[in-house]
Each structure stands twice: as C-alpha cells, then as structure tokens.
Amino acid sequence: MSVTHHPVFRVFIVLASLVVILAGVKASQQLLVPFILSIFIAIVCQPVIRLLEGVKVPKWAGVTLVVALIITLGFSLASLVGQSINDFSKDLPLYKNKLQSEIFWLTEKLASVNIHLNKEQIAEHFDPGAAMSLATNMLSGLGNTLANVFLILLTTVFMLFEADTAHKKLYLMWDEPAKHINKIDEFLKSVNNYLAIKTVVSIGTGLLAGTLCWIIGVDYFVLWGVLAFLFNYIPNIGSIIAAIPAVLLALVQISPSAALGLAIGYVVINTVMGNVVEPKYMGKGLGLSTLVVFLSLIFWGWLLGTVGMLLSVPLTMVVKIAADSSDSAHWLAVLLSNQTEVEEEAESHQIFDTEEE
C-alpha cells in the first residue's frame with residue numbers, strides 16, 4: 001500500500017483541508033455573514049411569497065411587499081432599541097462602580113461570619129460589570145452586521161426571484177435528483193418550522209421579560225425585552241445571557257430583593273416558554289442532540305460571531321443533512337443525531353435485540 005493511500009494519511013489530508021477551509025471562512029467573515037443571513041431570510045420569506053402567489057399576487061409584488069415589511073420591522077426595532085443602548089452605554093461606568101461597591105459590601109458581610117475574601121483579588125480577577133456590557137456588546141456586533149442592510153436585502157431579493165430556477169438547477173446537477181431534492185425540501189421545511197415557532201416563542205419571552213422589568217421598575221425595560229427576544233434564538237445559554245444584565249441592574253438600581261425577584265421571574269418565564277410551550281409545538285424538532293446544539297453554539301459563534309450563535313441550529317442542520325446524503329459521511333450525521341433518531345436507525349438495522357428473554 002502506498003503512503004498516499006494509507007488511512008492515516010487520508011485522515012491527515014482531510015483535517016488539514018478542514019483547517020484551511022475554516023481559516024478561510026474566519027478570514028472572510030465580513031463577507032460571508034451577510035450572505036448567510038440573506039439565505040435564511042430568503043428561506044423564511046419563500047413560503048409567504050408562495051402564499052401570495054396562490055392568491056394571484058404577482059411574484060414581483062409579493063417580493064416587494066415582503067421586503068417592505070422586513071424594512072419596516074427592522075428600522076422600527078433599530079430605532080426602538082438604538083437610543084436605549086446609547087443611554088445605557090453612557091450610564092454603564094456608573095452602574096459598574098455601584099456593582100463593585102455591592103460586591104465589596106457582600107465581602108464585608110461574609111467576613112462578619114468568618115468567610116474571608118480578598119477584595120483586591122476580587123477586583124483584579126472578577127469584574128461583575130463585564131457581564132452587563134457583554135449583552136450590549138453582542139447587540140452591537142449584531143448591529144454592525146445589520147449595517148450592511150442594503151447588501152443583505154439586495155441579495156435576499158435576488159434569491160427570492162431565483163428560487164424557482166435554483167430548484168430546477170439543483171435537479172439537473174445530480175445523478176439522482178429526487179433523493180437530494182427531497183433532502184433539501186425536508187431541510188427547508190424543518191428550518192421554516194423551527195424559525196417560525198422559535199420566533200413566536202421568542203416574541204412571547206421578550207414581552208413577558210420586558211413587562212416583568214417594567215413592573216419591578218428596572219430602567220431600560222424595552223432594551224431588556226428586546227434582548228430576551230433576540231437571545232432566545234441562542235440555544236441553552238441565550239436566555240441566561242439576556243437575564244444577567246437586567247438582574248445586575250436591578251441589584252444596583254433598586255435592591256437585592258428586587259434582583260432576586262427578577263431572577264426568579266426570568267427562570268419561570270424561560271422554564272415555561274422553553275420547556276413547556278416550545279417543545280409542545282416544536283414536536284420532534286430538528287433531530288439534533290442537546291450536546292451537539294451546545295457545541296454548535298460555541299463553534300458557529302467563534303466562526304461567524306453573533307449571527308453564527310443565532311443561526312447555530314439551522315447551520316448545524318445543513319451539515320447534518322449534507323452528511324446524511326453522503327455514504328462516506330453518514331457517520332457524521334449519526335453523531336449529530338439525537339437519541340430518538342439513533343434508536344430508530346438502530347432498530348432498522350436490528351442492532352439491538354428487542355425481544356424479551
């Protein structure tokens with residue numbers, strides 16, 4: 001066996017190629033992120049376009065109407081949140097100082113019960129105010145991406161007009177078109193279902209969180225409501241990131257009891273919306289394991305920034321469906337699958353003996 005055909009050599013070549021590709025994606029992030037965002041916007045808008053075409057609305061009119069709606073909602077959201085972000089950023093140093101004072105007060109209370117902590121080390125290694133600025137920094141990163149709004153919308157419009165032609169092109173590209181196109185249709189249906197349900201749940205989460213902050217009396221309650229809405233798209237840790245700055249602000253602005261009440265309220269809201277409402281309508285979901293969802297959040301966030309975190313689940317689904325369509329990469333699709341899909345495939349291959357002895 002020659003060296004070039006040795007399995008170890010092939011694995012090395014694949015890994016080296018993967019590193020080069022990821023480095024290229026990372027380097028071209030500013031160009032790729034708006035393009036990826038355009039793809040998912042077009043995927044979400046396509047069913048609406050088809051619905052309008054079903055009631056005899058010309059395609060150009062349907063696309064214009066949908067794009068106008070996106071622009072209206074986008075600018076309304078930007079104007080609503082932009083001023084709150086600016087005002088909060090100006091007050092952030094004051095809040096950080098107050099929060100530092102609260103931490104020092106807590107260390108003194110702990111010292112009175114013989115729990116001694118070094119104030120200087122806490123100040124040096126632990127900055128509680130950083131948690132408050134984390135969320136606004138992520139919003140700013142998303143805002144920088146959306147600054148390319150003209151490029152994103154223009155790309156989305158062209159994609160919507162080319163959707164039908166693209167379907168025919170894909171059909172002509174493959175030797176077994178029906179198999180691949182069925183996979184793509186399945187993916188598009190799953191993504192539309194996921195994004196639609198996630199959007200409704202996120203709107204509900206944002207409204208409830210914003211209302212809770214308003215009732216307790218926390219400043220910038222609109223900002224925290226929008227933050228809860230947007231970060232609910234980030235699986236597992238998004239709701240935690242959205243809650244931390246609001247809870248810390250309640251601590252320095254009102255009282256520890258108010259912060260505790262707000263934290264409990266956030267837990268209740270996210271438990272009900274994330275563990276009761278969303279699974280009820282999401283059903284089987286997208287077939288990804290919980291561990292894969294969390295790791296994909298870290299990976300896509302590192303590779304594509306805030307937008308990658310927001311779209312981590314659909315992007316991982318693209319990888320899973322692509323791997324599932326290839327015999328040589330089927331193992332990757334199995335690794336990404338959740339327990340239900342693994343058990344179904346195991347039963348289909350009769351791996352486990354289900355008969356009772």
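Taking all atoms of both residues into account, the shortest heavy-atom contact from G261 to I216 is C-CD1, 4.3 Å. A42 and L160 make their closest contact through O-CD2, 3.6 Å (heavy atoms, listed as atom of the first residue, atom of the second, distance). Residues Y266 and C213 approach most closely at OH-SG, 3.8 Å, considering heavy atoms. When all heavy atoms of P245 and L227 are compared, the pair lying nearest together is CG-CD2, 4.0 Å. A pairwise comparison of heavy atoms in L262 and A250 identifies CD2-CB, 4.0 Å as the closest pair. Between L52 and G62 the shortest heavy-atom distance is CD1-CA, 3.7 Å.
The neighbour count for F294 CZ, taken as heavy atoms of other residues, nucleotides or ligands under 6.0 Å away, does not exceed 12. Other residues, nucleotides and ligands place no more than 12 heavy atoms under 6.0 Å from the CH2 atom of W214.
L51 and L65 end up in different hydrophobic clusters when Ile, Leu, Val, Met, Phe, Trp and Tyr side chains are linked at under 4.5 Å. Side-chain heavy atoms closer than 4.5 Å link hydrophobic residues (I, L, V, M, F, W, Y) into clusters, and following such links, even through other members, never connects V267 to I215. Hydrophobic clustering (ILVMFWY, side-chain heavy atoms < 4.5 Å, transitive): V200 and I43 are in distinct clusters. Under the 4.5 Å side-chain heavy-atom criterion for ILVMFWY residues, a single connected hydrophobic cluster contains both V66 and V55. Under the 4.5 Å side-chain contact rule for hydrophobic residues, L22 and L311 share a cluster.
Of the inter-residue distances, the one linking L315 atom CG with L304 atom CG reads 6.5 Å to the nearest 0.5 angstrom. Interatomic distance, I197 CD1 to S202 OG, rounded to the nearest 0.5 Å: 11.5 Å. Between the OG atom of S239 and the CD1 atom of I244 there is a distance of 11.0 Å, given to the nearest 0.5 Å. Rounding to the nearest 0.5 Å places CD1 of I264 at 11.5 Å from OG1 of T271. Note that OG of S296 is 10.0 Å distant from CE of M309, once rounded to the nearest 0.5 Å. Atom CD1 of I254 sits about 7.5 Å away from atom CG of L249, to the nearest 0.5 Å.
Exactly one of T156, T155, V157 qualifies for a side-chain contact (heavy atoms from CB on, under 4.5 Å) with M159. That residue is T155.
Residues satisfying the side chain to side chain contact (heavy atoms under 4.5 Å, CB included) criterion with T205, sequence neighbours excluded, are V201, A228, N232, I269, N270, M273. For Y220, the ring pair (Phe, Tyr, Trp, His ring centres under 6.0 Å) partners at least two apart in sequence or on another chain are F88. Residues satisfying the side chain to side chain contact (heavy atoms under 4.5 Å, CB included) test with T199, not counting sequence neighbours, are I203, Y233.
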Can you check side-chain contact (heavy atoms from CB on, under 4.5 Å) on T316 and W300, steps first, answer last?
CA-CA 9 Å; T316 307; W300 294 113; 3.1 Å; yes
Decide side-chain contact (heavy atoms from CB on, under 4.5 Å) for V307 and I36; before the verdict, give the C-alpha distance in whole Å, the side-chain angles of both, and the deciding distance to 0.1 Å.
CA-CA 9 Å; V307 173; I36 293 172; 5.5 Å; no
If you apply the rule side-chain contact (heavy atoms from CB on, under 4.5 Å), what do you find for V277 with V272, and how did you get there?
CA-CA 6 Å; V277 177; V272 173; 4.3 Å; yes
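A donor-acceptor contact shorter than 3.5 Å links the side chain of W224 to the backbone of D219. Counting only distance, with no hydrogens or angles, the side chain of Q253 and the backbone of G217 share a donor-acceptor pair below 3.5 Å.
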